[in-house]
**Student:** 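Sharing a structure, written as structure tokens. Questions coming.
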There are 2 protein chains.
Amino acid sequence: MGIEHKTRTQLVAEAIREKILSGEIKAGDPLRQAALAEELNVSRIPVREALLQLEAEGLVNFEAHKGATATMLSADQIDEIFDLRALLEAELLRHSIVNLTPRDLLEAEAILYDLEEATAAGDTQLATGKLNAEFHVKLYSKANRPQTAELVAMYGKNSERYVRMHILLAGGIKTAPEEHRTLLEFCKTKDVNAACDFLKKHITGAKDDIKQLLVKMEQSQ
Amino acid sequence: MGIEHKTRTQLVAEAIREKILSGEIKAGDPLRQAALAEELNVSRIPVREALLQLEAEGLVNFEAHKGATATMLSADQIDEIFDLRALLEAELLRHSIVNLTPRDLLEAEAILYDLEEATAAGDTQLATGKLNAEFHVKLYSKANRPQTAELVAMYGKNSERYVRMHILLAGGIKTAPEEHRTLLEFCKTKDVNAACDFLKKHITGAKDDIKQLLVKMEQSQ
DNA sequence: CAATATTAAATTGTATACAATATTAAATAT
DNA sequence: ATATTTAATATTGTATACAATTTAATATTG
């Protein structure tokens, strides 16, 4: 089998996505097709197509004849996104939990172990965010709900920059580690309702923390 | 203010979308860029961009170098989509119901009146489907949850062709009219939990009806 | 004949060029 | 000077042309 050949559009989408998530491109910034094309050594066609994809992911606003901008999420919008995540992730967990094998649970615990180590080591960078996502995904892995999972992944990406910002500025959610332990316990004992309720609180709790920071930032500007 | 100028991409997207929803393009059919471009008197660029948009809407699958096809939904996928709709629409209703004014409820009742008339008149066409959607949207109109509403609209579009097919082949969901009345009553009395639970049942009931038909069709082929 | 390699055709991906629209700067009028 | 037109510039939208890739058809080999 040959090497997976990525199209320029895909590469450009990845590049711009990372720029937005990392904060190099800030919310509201215009995304000029010609400038991006030159910087990435492609024509404007793949840039346009990448922008359309990113719009579908909610990272970009694309208005006809006006051009694209990085989406600027208001506190209300962040609120709604996190509520949606709570709803959808709980639904995923509800379907997954009964199918989680002891093996799955051990793998989840292993990820949790790495996550706690990274946190203890003071990693405020990407690693903790990635491991956190991995842990959640592992718990949802047996849900057999591909479309719901895709939605969750999308909203996860969309909130990623705010989570990253929170990690950077506030050191991350303090209570998260022990909450993960509790959640894993509920999964082990197959206590579906307790697990789902707790997960919802876990997510909306993170939301409140992040929103508080955002409000503070909006005021200081 | 000038006339709203639609881009060719938007026009092409609308044209292809309607072809898919109406069944003119069937699930699994390949969507050849050159053929569509010629038929719609545009170049392949707006066709490609339209296909990307439709992929985001879930109506089209777009694989690099392989081209686009109209999405083929398995019974499982339809199952999941309707479950998602039930979840998300109930969430919308939950937020909207407390804000619904007597005026809103009267408007909803008026739509319901039209819907019942259209059904009685034997309209098995677009009208009933449109009015049905209108009624639901009215009930969700005060939710103040734009992103959730957008999701619901997307999944509504995605299931539209199956609902249309069901109306055509089975005359629509028989119990829907009286269910709408019941739902409206719960909204009037602001019985949030009863309304949301009933709405979920309303949607999953429709799902079961449609899935039954689909299974029958798959067998007969 | 089946299986594989090779070529030809069809189809998608992308660069370039130009057209349409929006934004900014300059000019005119009040 | 401020407001309103008009012209110039910047930016997006789309057609055309060509390159890359996949698919189909043909040839080759065991």
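Here is how names work: the chains are called A, B, and so on, in the same order as the sequence lines, proteins then strands, and each is numbered from 1.
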**Student:** On the nucleotide C:dA10, are OP1 or OP2 found under 4.0 Å from the side-chain N or O atoms that B:Q33 carries?
**Tutor:**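 Checking B:Q33 against C:dA10: no side-chain N or O falls below 4.0 Å of OP1 or OP2.
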
**Student:** Calculate the interatomic distance between B:E38 atom CD and D:dT16 atom P; express it in whole Å.
**Tutor:**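 For the pair B:E38 CD and D:dT16 P, the rounded distance is 12 Å.
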
**Student:** Nearest heavy atom decides the nucleotide; on that basis, is B:A34 or A:K66 closer to the 5' end of DNA chain C?
**Tutor:**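 It is B:A34 whose nearest nucleotide is closer to the 5' end.
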
**Student:** For B:A56 versus A:A56, what's the shortest heavy-atom pair and its separation?
**Tutor:**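 Answer, listing the atom of B:A56 first, then A:A56: CB-CB, 3.3 Å.
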
**Student:** For a quick test of reading the model: is some side-chain N or O of A:T9 closer than 4.0 Å to OP1 or OP2 of C:dT14?
**Tutor:**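 Looking at the OP1 and OP2 atoms of C:dT14, one of them is under 4.0 Å from a side-chain N or O of A:T9.
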
**Student:** Determine the minimum heavy-atom distance between A:R161 and A:G58, stating which atoms define it.
**Tutor:**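 Between these two residues, the closest heavy atoms are NH2-O, 4.3 Å.
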
**Student:** Which sits closer to the 5' end of DNA chain C, B:R8 or A:E49, going by the nucleotide each is nearest to?
**Tutor:**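 Comparing both residues, the 5'-ward one is A:E49.
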
**Student:** Would you mind pulling out the nucleotide paired to C:dA8, Watson-Crick or G-U wobble, both distances under 3.5 Å?
**Tutor:**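 C:dA8 is paired with D:dT23.
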
**Student:** Just how far, in rounded Å, is P of D:dT16 from CG of B:N41?
**Tutor:**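 Interatomic distance, CG of B:N41 to P of D:dT16: 11 Å.
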
**Student:** Check every atom of D:dG13, C:dA15, C:dG13 against the side chain of B:I45 and return the nucleotide holding the closest atom.
**Tutor:**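 The answer is C:dA15, which lies nearest to the side chain.
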
**Student:** Watson-Crick or G-U wobble partner for C:dA3, using a 3.5 Å limit on both distances?
**Tutor:**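 Base-paired to D:dT28.
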
**Student:** Can you measure A:R48 atom CZ to C:dT21 atom P for me and round it to whole angstrom units?
**Tutor:**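 My rounded result for the distance is 14 Å.
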
**Student:** Parallel, tilted or perpendicular, judged at 30° and 60°: which one describes the rings of B:H136 and B:H202?
**Tutor:**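 Rings of B:H136 and B:H202: parallel, under 30°.
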
**Student:** Taking the side chain of B:H65 as its heavy atoms from C-beta onward, which of C:dT23, D:dT23, D:dT21 lies nearest to it?
**Tutor:**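 Among C:dT23, D:dT23, D:dT21, the one nearest the side chain of B:H65 is D:dT21.
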
**Student:** Under 4.0 Å between a side-chain N/O of B:R44 and OP1 or OP2 of D:dT16, yes or no?
**Tutor:**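 It does not, given that no N or O in the side chain of B:R44 lies less than 4.0 Å from OP1 or OP2 of D:dT16.
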
**Student:** Atom CD of B:E63 to atom C1' of C:dT11: distance rounded to whole Å?
**Tutor:**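 Rounded to whole Å, this separation is 14 Å.
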
**Student:** Atom CG of B:L11 to atom C1' of C:dA20: distance rounded to whole Å?
**Tutor:**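 Result: 14 Å.
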
**Student:** Say whether, by atom type as modelled, one donor and one acceptor occur between the side chain of A:E55 and the main chain of A:N61 under 3.5 angstrom.
**Tutor:**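 No, the answer is negative, given that no donor and acceptor are paired below the 3.5 Å cut-off.
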
**Student:** Using heavy-atom distances to pick each residue's nearest nucleotide on DNA chain D, tell me which of B:A64 and B:P46 is more 5'.
**Tutor:**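 Residue closer to the 5' terminus by nearest nucleotide: B:P46.
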
**Student:** Rounded off to whole Å, could you give me the CZ-to-P distance for the B:F62 and D:dT22 pair?
**Tutor:**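 Distance, rounded to whole Å: 14 Å.
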
**Student:** If you look at every heavy atom in A:T69 and A:L31, which pair is closest and at what distance?
**Tutor:**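 That would be C-CD1, 3.9 Å.
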
**Student:** Tell me whether the OP1 or OP2 atom of C:dT14 has a side-chain N or O from A:S43 closer than 4.0 Å.
**Tutor:**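 For C:dT14, neither OP1 nor OP2 has a side-chain N or O of A:S43 closer than 4.0 Å.
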
**Student:** In whole angstroms, how far is the P atom of C:dT21 from the NZ atom of B:K6?
**Tutor:**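 For the pair B:K6 NZ and C:dT21 P, the rounded distance is 15 Å.
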
**Student:** Figure out the CG/C1' separation between B:L40 and D:dG13, and round it to whole Å.
**Tutor:**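 Interatomic distance, CG of B:L40 to C1' of D:dG13: 17 Å.
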
